[in-house]
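First up is the structure itself, then whatever we jot down about it.
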2 protein chains.
Amino acid sequence: MEDKSISTEEKIKAAARTIFTKKGYAATKTRDIAEEAGMNLALLNYYFRSKEKLFEIIMAENLKKLFGILAPILNDQHKTLDEKLSMIATNYIDMLFVNPDLPLFVLSELRQNPGWLRETLHVDNVVIASHFMVQLREKKKDINPIHFLISFLGMLIFPFAARPILQGTAAITDDQYNQLMEERKKLIPMWMKCMLE
Amino acid sequence: MEDKSISTEEKIKAAARTIFTKKGYAATKTRDIAEEAGMNLALLNYYFRSKEKLFEIIMAENLKKLFGILAPILNDQHKTLDEKLSMIATNYIDMLFVNPDLPLFVLSELRQNPGWLRETLHVDNVVIASHFMVQLREKKKDINPIHFLISFLGMLIFPFAARPILQGTAAITDDQYNQLMEERKKLIPMWMKCMLE
DNA sequence: GTCTATAGAGGGATAGAC
DNA sequence: GTCTATCCCTCTATAGAC
């Protein structure tokens, strides 16, 4: 009995995750979520009270997914800068293969409501004041280390956010696209090292 | 008399540009556009027939703005690779200062409806088959030149798309942010050269 | 051309049966 | 817990006066 209820709740959450993340809050209809979950609209309100409450749950999950990979690696005191660059590139690209809609979703929704960051996660200390930033400043004293963080994340994330444009304009097959992203796991850390020389 | 009608039409378009670009199609209400334009909702339909028609106009404008800077520089047969990298970085960052919401808008809406690209612009030949790409391949024969294009655009665009996160997490003032972006006009071409060595 | 008023559809939420 | 039926508000679009 408990099993069944958890399963239903989980089905709705999974459907919500898919649709919210793909289309954003405003473009998502609760009816679509219910249909995707294979059940009735009323159950959504029964389990989650409202569209907004459900969205908040998905948003928190997605923020965690996006920053959760980053934080522990950035703050590892026992890894070199090079090791961190490689690990993040690999882990992030692998994560984006599985969750390609994540970056655009978070960037878009966060623009509408920047309060989200402070409320759910404490990204401040975890990213900006990280050991990684210290290492960057040590290595290249005359350039604000935030420049490197921005460029690093930009190179990692942009091809996923821009995938439709990329595949729409350059005639790239899915296989070719995957191979390109695979190559970037090595290329981006290599480029970063070059930028930091 | 004609002047007045043109002016009204232009006011609506300006308001639509602002709100659509900031919030996206789904989250935008025609009432908000009318209010922003300082006039009645009915005029929107009088001049543009529907929300969707108005949106199509704004979308086409924005696509042109985003690719219009790129295409002529990429295809200039008489500029060196280095010159192109500098010019694009400078022009793009200046354009993004004025239109900070443009990238996220285009990326988001294009994900929902990738058909837009083919229908409005012929970005294919203009970007992918550009002289710039030939120059990249010449310079670095063993790496797919699309990697450099992606990284270049990623480094340029990402800090604008992620501005709320950046300013929300790192305590960066508006002045500091502007200065960082100003610095990137020189840094990014420099890094690109390093990557292409 | 510009306004007010309103039609008409869609979407979030709930009542109530089972 | 799950379903059907329905309420009610919001939003797009239009009718019609001026």
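Letters A, B, ... mirror the listed sequences (proteins, then strands); counts begin at 1. All values derive from a computational prediction rather than experimental measurement.
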Whole-Å distance between [N] [atom2] and [X] [atom1]?
X       : N      : atom1 : atom2 : result
B:Met39 : C:dC3  : CE    : P     : 7 Å
B:Glu9  : C:dG1  : CD    : P     : 9 Å
A:Glu35 : C:dG11 : CD    : P     : 12 Å
B:Leu44 : D:dT14 : CG    : P     : 11 Å
B:Tyr47 : D:dT14 : OH    : C1'   : 17 Å
B:Leu54 : D:dC11 : CG    : P     : 17 Å

Self-check item: Strand-adjacent residues in residues 26-34 of chain A, judged by heavy atoms under 4.0 Å from DNA chain D
Solution: none
Exercise. With a 4.0 Å heavy-atom cut-off, tell me which residues in residues 12-25 of chain B come close to DNA chain D, sorted by residue number.
Key: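 Within this stretch, nothing sits under 4.0 Å of the strand.
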Give every pair of a protein N or O atom and an N or O atom of nucleotides 14-18 of chain C that lie under 3.5 Å apart, one pair per line with the distance.
none

Would you find more than 12 non-hydrogen atoms of other residues, nucleotides or ligands less than 6.0 Å from [X] atom [atom1]?
X       : atom1 : result
A:Lys65 : NZ    : yes
B:Lys79 : NZ    : no
A:Glu35 : CD    : no

Self-check item: Inter- and intrachain pairs under side chain to side chain donor-acceptor pair (under 3.5 Å), touching residues 187-197 of chain B, at least two apart
Solution: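 Qualifying pairs: none.
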Quiz item: Can you tell me if A:Asn99 uses its side chain to pair, donor with acceptor, with the backbone of A:Met95 under 3.5 Å?
Solution: yes
Quiz item: Can you check whether B:Thr8 has a side-chain N or O nearer than 4.0 Å to OP1 or OP2 of C:dT2?
Solution: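 True: B:Thr8 side-chain N/O within range (under 4.0 Å) of C:dT2 OP1/OP2.
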Exercise. Go through the side-chain N and O atoms of B:Thr21 and B:Asn62 and say whether any donor and acceptor fall under 3.5 Å apart.
Key: yes
Quiz item: Can you name the residues that form a side chain to side chain donor-acceptor pair (under 3.5 Å) with A:Gln176, not counting sequence neighbours?
Solution: A:Thr173
Quiz item: Any link between B:Val134 and B:Leu85 through a network of hydrophobic side chains (Ile, Leu, Val, Met, Phe, Trp, Tyr) touching at under 4.5 Å?
Solution: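 Different hydrophobic clusters.
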Exercise. Name all residues meeting the salt bridge (Lys or Arg N to Asp or Glu O under 4.0 Å) criterion together with A:Asp175; count only those two or more places apart in sequence or in a different chain, and write none if there are none.
Key: none
Quiz prompt | Full working for ring pair (Phe, Tyr, Trp, His ring centres under 6.0 Å) between B:Phe158 and A:Phe158 | solution = CA-CA 7 Å; B:Phe158 183 73; A:Phe158 183 74; 9.0 Å; no
Quiz item: Think B:Lys51 forms a cation-pi with B:Tyr25, using NZ or CZ under 6.0 Å from the six-ring centre and within 45 degrees of its axis?
Solution: yes
Practice problem: State which of C:dA13, D:dG1, D:dT12 makes the closest approach to the side chain of A:Lys51. | Solution: C:dA13
